[in-house]
Chemist: 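This is the structure, below, for whatever I ask next.
Both counts, for ligands and for their atoms, begin at 1 and track the order of listing. This one's a predicted model, so the numbers in the text were calculated from it and none came from an experiment.
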Amino acid sequence: MTAFQTRALLKQLEATVEDNLGRHLAAAEDWLPHEYVPWSEGRNFAVLGGDPWSAGQSRLPPAARAALELNLLTEDNLPSYHAELVNTFGRHGAWGTWVNRWTAEEGRHASCIRDYLLVTRGTDPKRLEQARMATLQAGWDSGDKPLLHACAYVSFQELATRVAHRNTGRCCADPVAERLLARIAMDENLHMIFYRNVVQAALEIAPSQTLRAIADEVAGFMMPGSVVPGFARRAAQVAQAGIYDLRIHHDDVIMPLVRHWRVFEAGGLDADGERAREELAAALGALDARADRFVERRAEAQAAQP
Ligand SMILES: [Fe+2]
Ligand SMILES: [Fe+2]
């Protein structure tokens, strides 16, 4: 897509963005992150005369701790996501207003997960800070995705984040953590709805190009947390625990959006649009098969454990 075509499409989608910004602002509840943190559990660390951190202080199951750290470090990389969105959507009009509002909402997520982990001694604060520094210095580079690819990607990514926070909360065995993560997941859900509606409008305006974007993003999906140090190990632990795995990715993230957009019923496609739809069907089938294999292997490994 040329720069001229992108500018034209941004303009064509502006009314949808404005409507959905209004809908979002009416639906989003103001909430206060400090009300979700059990401050009375907090105490000083060694430098201020308290206890140093040690692994035995955490009461979180190991998989929940891995998931919380991964979710937090992913949220921490917000400056990079903001820069990516400004690059793609611009800083003017309804698009610019959305980018800033979204950034302000996302900023709460890292701050209250970090507060929760620090006051409950749920993670090693030194290693967490080292990982945060490494993550932000790595940054997140989406590879200058074209506009529609970016819209499809963030639809899937916001839903993935919602599901990951929600399932992490259930795994924490702590009602305070569950309440906090359910609250964050509600934000992620509203973000997903915003982008989902933008993609829906794009399917009306440019069906073939939008289908191409959806097909490419399903086939090449990567979580933004992939730049976090030890991502593969952390993601494997989270998948083994059933917090976020390929089956959940296919069933609870990719398919609900694909169904919502009715991509297999869309008309008016050109040759590349039809090709994209065939590629999407193949990518969905391959993802489903990989999810089956993963679930089988996980069950075999669990059965083999003493
Ligand atoms: Fe978030
Ligand atoms: Fe979000």
Chemist: If you measure from the Lys or Arg side-chain nitrogens to the Asp or Glu carboxylate oxygens, is any gap between Lys145 and Asp216 under 4.0 Å?
Modeler: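 Judged by the 4.0 Å cut-off on N to carboxylate O distance, Lys145 and Asp216 do not form a salt bridge.
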Chemist: Provide the atom name of the closest N, O or S atom of Glu158 relative to the Fe ion (ligand 2).
Modeler: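 Atom name of the closest N, O or S in Glu158: OE1.
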Chemist: Relative to the Fe ion (ligand 1), how many protein N, O or S atoms have a separation of less than 2.8 Å?
Modeler: 5
Chemist: Can you tell me how far CG of Leu68 sits from CG of Asp174, rounded to the nearest 0.5 angstrom?
Modeler: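 Answer for the CG-CG pair, Asp174 versus Leu68, is 9.5 Å.
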Chemist: Under a 4.0 Å threshold between the charged nitrogen and the carboxylate oxygen, would Asp30 count as salt-bridged to Arg108?
Modeler: yes
Chemist: Please answer: with hydrophobic residues joined when any side-chain heavy atoms are less than 4.5 Å apart, are Val17 and Ile193 in the same cluster?
Modeler: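 As far as the 4.5 Å side-chain criterion goes, Ile193 and Val17 are connected within one cluster.
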Chemist: Output yes when a side-chain donor or acceptor of Asp245 lies under 3.5 Å from a complementary backbone atom of Ile248, and no otherwise.
Modeler: yes
Chemist: Are the aromatic ring centres of Phe194 and Trp98 under 6.0 angstrom apart?
Modeler: yes
